[in-house]
Structure formats: C-alpha cells, structure tokens
Amino acid sequence: SQQGEEDPQALSIQEGENATMNCSYKTSINNLQWYRQNSGRGLVHLILIRSNEREKHSGRLRVTLDTSKKSSSLLITASRAADTASYFCATPGDMRFGAGTRLTVKP
Amino acid sequence: NAGVTQTPKFRVLKTGQSMTLLCAQDMNHEYMYWYRQDPGMGLRLIHYSVGEGTTAKGEVPDGYNVSRLKKQNFLLGLESAAPSQTSVYFCASSYHTSYEQYFGPGTRLTVT
C-alpha cells in the first residue's frame, strides 16, 4: 500500500528551535499531504505538495519532496509551544495515516 | 460553514449494545470516511464512501456498518459493541481522494 510512515516517532525541542520530521512512502504518488493533530482533536490539513514540486513553503512550514527516494520532510522553523502536536503524512488514494511524529516544544 | 460535525462527542456502551455515530458535512464533498484511532497509533480506515448511496470497506471494517443515504451524512453503526471497539472515532470528508481531507472533532467511545 502507499502508507506514509513518519520518523522520528517523537521529537522534543526548545521553543525557537527548528523541528524536522520525515515521511517515507512506497509507491508513485500525485501529491503528498501533511496534517497536524492536537491532543484529542481531529486532524487538520497543513500543506499539500505535488509530485512535480520539490519544495513548498507556507508560513513557518517548509515541505520538501524527493520522489526518487520516496520521501518527504516537514520543517517547522522558529517553533512555538503551540506547535506541540502530532504530525502525519498521507498519500492520495491511500486513506491511511501512520503513527505520526509527536512533537513537543518546551517553552 | 460548520465543516464536519460528529455526534455524539462521548458515549459509554455496555458490551452487546448497539449505537450509531452521525457525521455531517456542509462542503458538498463526494468522499466521506470513518477512521478509528487507538492510543499512540495512527488512524485506521473503517469504511468510506465515494458518493451518495455508495459505501466500501476499509482496513478494519469488521463489527461496523455504514450508510450514506444523503450526500451530506455518513452514519457508522456498531451492531454489537465489544471492548475492542473502545476508541476515538473520526469522520472526514474530501472533494476527491487526491484532495485534502477535512476532519470532524471525534467521538470518544468506551465499551465496558
């Protein structure tokens, strides 16, 4: 299946630092999506990157996509305590989400 | 727009009881999904629908039934609840499978 798998499973940083999390997938894709989930809440879509894009920015978020390696990364710059959440990647048509990366940003 | 709403937000059932979870969306989305999320895990797809009147099985469909009689609503039924169905249930919708999904706030179900 085209299941996205996030790495690392958990990440703890200080406020102001950058956070990088990675996603690997198995087959060809049209796009890849990143979501955030605050504790006990539903997932919220963050950003979508198409297969013909290598990098995309949205505010403090930067997403890269390497289709040759079947991998993507999400970078959150100048992190804030409010960024504390779990982050998931998803590939279209897959309708599967991995266990995610649990990010903790300490004030 | 309310987006995706789910009712109820919380429910406690005894083993063997049945219940229906309701999901509603006001974005005119064709696709709707039901997921369950267990502690420390990702979301697992239970059933999904690609349009009014259609349903299909996901990764973990056993013990659940669904119906999509109206485009805006997607119902998830538990026929005979079991403790293994204790979980948080999320509904989502999307314009198409390639587009982003919009999630509801979840229903926390406990089966004793």
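Throughout, protein chains are lettered first and strands after them, A, B, ... in sequence-line order, and every chain is numbered starting at 1. Since we're looking at a predicted model, the values are computed, not measured.
- Only the side chain of A/Gln37 comes within contact range of chain B, judged by heavy atoms closer than 4.5 Å.
- Within the 4.5 angstrom heavy-atom criterion, atoms from both the backbone and the side chain of B/Gln101 approach chain A.
- Of the possible polar contacts, one joining the A/Asn31 side chain to the B/Ser98 backbone as a donor-acceptor pair under 3.5 Å is found.
- Heavy-atom distances place no part of B/Arg44 under 4.5 Å from chain A, backbone and side chain included.
- Within the 4.5 angstrom heavy-atom criterion, only side-chain atoms of A/Leu48, from C-beta onward, approach chain B.
- Distance CZ/B/Phe103 to CZ/A/Arg41: 14.0 Å, rounded to 0.5 Å.
- Put simply, B/Leu21 and B/Tyr102 are part of two different groups of oily side chains (I, L, V, M, F, W, Y) that touch within less than 4.5 Å, one to the next.
- B/Tyr89 and B/Leu22 sit in two unconnected hydrophobic clusters of ILVMFWY residues. Membership requires side-chain heavy atoms under 4.5 Å apart, directly or through other members.
- Between B/Glu100 and A/Tyr35 there is a side-chain heavy-atom pair separated by less than 4.5 Å.
- B/Val111 and B/Tyr64 fall within the same hydrophobic cluster, defined by Ile, Leu, Val, Met, Phe, Trp and Tyr side-chain heavy atoms under 4.5 Å apart, directly or through other members.
- Atom CG of A/Leu43 and atom OH of B/Tyr35 lie 9.0 Å apart (nearest 0.5 Å).
- The part of B/Tyr48 that comes within reach of chain A is its side chain, from C-beta onward, which places non-hydrogen atoms under 4.5 angstrom from that chain.
- Sparse packing is recorded around CD of A/Gln9, with 12 or fewer heavy atoms of other residues, nucleotides or ligands lying under 6.0 Å away.
- B/Val66 and B/Leu75 are members of different hydrophobic clusters when ILVMFWY side chains are connected at heavy-atom separations under 4.5 Å.
- With rounding to the nearest 0.5 angstrom, the CZ atom of A/Phe97 is 11.0 Å from the CZ atom of B/Phe90.
- A/Leu32 and A/Ile47 fall within a single hydrophobic cluster, where Ile, Leu, Val, Met, Phe, Trp and Tyr are joined by side-chain heavy atoms under 4.5 Å apart, directly or via other members.
- Enclosure of atom CZ in B/Arg68 by more than 12 non-hydrogen atoms of other residues, nucleotides or ligands within 6.0 angstrom is indicated.
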